[in-house]
Amino acid sequence: MENSNQTSANRFILLGLTNIPYLQAIYVSIFFIIYITTLSANSLLIIVVRINEQLQTPMYFFLRNLSIIDICFSSTIVPRIIINTLSRDRSVSLLDCALQMFFHLAVGGTECLILAVMAYDRYAAICQPLHYNTVMNKTFCICVATGSWTSASISAFIHVFFTFQLPYCRSHNLNHFFCEMPPFFRLSCRDTWPNELAVYITASIIAMFSFFLTLISYIHIISTILKIHSSEGRQKSFSTCASHLTVVSLFYGTILFMYMRPHSAYSDIDKAVSIVYTAVIPMLNPIIYSMRNKDVKGTVRKHMNKHISEKS
């Protein structure tokens with residue numbers, strides 16, 4: 001009996017999305033399609049950037065990082081959603097939950113920082129074109145990417161460590177489909193104000209810093225573009241930023257909604273928001289960048305035509 005209690009105390013029940021069988025089938029089909037699309041689209045983008053020498057630039061270096069992040073993000077969450085929806089046993093061990101939370105926070109934080117660096121890259125390209133290669137040199141890009149991954153991972157480790165120091169005596173039924181901090185705070189019988197404060201501070205440092213760096217970069221970019229006399233030149237400059245702006249708006253909007261609110265405000269709406277930034281955005285990112293990118297589309301078309309001609 002004691003062992004049973006100890007075992008149950010070390011496991012959490014993910015309540016998931018629904019208990020209605022036909023809805024479960026629909027959700028599993030949708031998430032399976034989303035996951036396969038995410039893996040395929042991001043892998044294709046990584047390969048395209050790798051094989052095209054013209055794409056060996058700082059912008060595509062960070063875009064490749066973003067694709068790796070999206071694959072990791074989706075792989076951390078979506079398979080668990082599918083398994084949890086299909087399985088009768090929805091329990092998850094404390095270690096599995098901690099690992100999922102760590103990787104989810106680490107790749108999420110890294111994406112925030114990488115998106116901000118990509119905005120700075122666009123600023124350097126448009127506002128300082130003569131100094132672009134000097135500013136965005138290879139060493140700088142590698143250091144910034146490494147720093148983004150490292151700082152986000154350290155932040156994630158601290159959050160996970162303190163989250164699982166909390167006593168969970170109210171319930172072990174987690175009203176969510178993966179292990180995320182806000183729903184965990186609702187289960188604790190101790191005041192979670194210090195943990196929430198840590199979340200707000202981290203969100204301010206990583207998310208808000210990234211957001212304001214992006215905002216300042218685009219203020220300078222727009223100011224510079226408006227000074228261009230030809231409408232063709234303005235349109236070309238805006239088109240290089242449109243994809244990034246779309247991705248930034250989607251990602252920052254959902255992240256700030258999730259992590260800059262008190263945990264008492266958590267509801268089923270937050271589940272939908274979590275789906276957007278953990279499953280939908282990683283699928284959309286490569287599609288958004290590819291659809292508006294002539295170099296990427298040209299490389300894909302060229303290799304497809306080459307492959308078809310070799311077969312015929």
Side-chain angles (χ1 to χ4, degrees), residues 12 14-18 24 26-43 45 65-86 90 92 96-115 148-149 152-153 155-156 159-160 163 174-186 199 202-203 206-207 210-211 246-261 263 266-289:
F12 293 90
L14 295 171
L15 299 183
L17 297 169
T18 182
Q24 288 179 340
I26 293 170
Y27 288 147
V28 166
S29 301
I30 291 170
F31 280 109
F32 181 76
I33 293 168
I34 287 174
Y35 187 55
I36 295 301
T37 305
T38 301
L39 293 183
S40 303
N42 281 289
S43 298
L45 193 55
N65 266 267
L66 186 63
S67 288
I68 293 169
I69 289 167
D70 287 335
I71 290 171
C72 294
F73 218 155
S74 189
S75 297
T76 302
I77 306 300
V78 179
R80 167 56 64 181
I81 296 174
I82 295 171
I83 292 168
N84 189 57
T85 305
L86 291 172
R90 294 185 175 182
V92 57
D96 286 345
C97 223
L99 285 172
Q100 187 184 47
M101 188 182 292
F102 169 77
F103 285 113
H104 152 251
L105 290 173
V107 293
T110 306
E111 182 156 356
C112 274
L113 295 168
I114 292 294
L115 285 173
S148 298
W149 282 94
S153 297
S155 170
H159 279 303
V160 171
T163 297
L174 199 68
N175 184 24
H176 210 17
F177 51 86
F178 74 99
C179 299
E180 194 171 23
M181 283 189 297
F184 264 91
F185 293 159
R186 291 175 66 92
V199 171
T202 305
I206 294 181
S210 302
F211 175 77
T246 305
V247 171
V248 163
S249 301
L250 284 169
F251 187 75
Y252 285 167
T254 53
I255 288 290
L256 292 174
F257 179 86
M258 277 298 299
Y259 288 97
M260 293 300 285
R261 294 159 62 239
H263 78 274
Y266 183 84
S267 66
D268 285 341
I269 295 173
D270 295 72
K271 282 187 181 183
V273 174
S274 293
I275 289 171
V276 171
Y277 84 86
T278 59
V280 178
I281 291 177
M283 177 188 67
L284 291 179
N285 281 351
I287 296 171
I288 291 169
Y289 278 108

Assess whether side chain to side chain contact (heavy atoms under 4.5 Å, CB included) is satisfied between Arg186 and Asn175, documenting all intermediate values. CA-CA 9 Å; Arg186 291 175 66 92; Asn175 184 24; over 6 Å; no
First locate atom [atom1] of [X], then atom [atom2] of [Y], and finally report the distance between them rounded to the nearest 0.5 Å.
| X | Y | atom1 | atom2 | answer |
| --- | --- | --- | --- | --- |
| Asn42 | Ile287 | CG | CD1 | 9.0 Å |
| Tyr289 | Ser67 | OH | OG | 9.5 Å |
| Ile83 | Leu14 | CD1 | CG | 11.5 Å |
| Asn285 | Leu250 | CG | CG | 8.0 Å |
| His104 | His159 | NE2 | NE2 | 11.5 Å |
| Cys179 | Leu174 | SG | CG | 6.0 Å |

Given side chains that start at C-beta, do those of [X] and [Y] come closer than 4.5 Å, heavy atoms only?
| X | Y | answer |
| --- | --- | --- |
| Trp149 | Leu113 | no |
| Asp70 | Glu111 | yes |
| Thr38 | Phe73 | no |
| Phe103 | Cys72 | no |
| Leu105 | Met181 | yes |
| Thr278 | Glu180 | no |
| Phe31 | Pro79 | no |

Do [X] side-chain atoms and [Y] backbone N/O form a donor-acceptor pair below 3.5 Å?
| X | Y | result |
| --- | --- | --- |
| Tyr35 | Ser75 | no |
| Ser74 | Ile71 | no |
| Gln100 | Thr76 | yes |
| Gln24 | Leu86 | no |

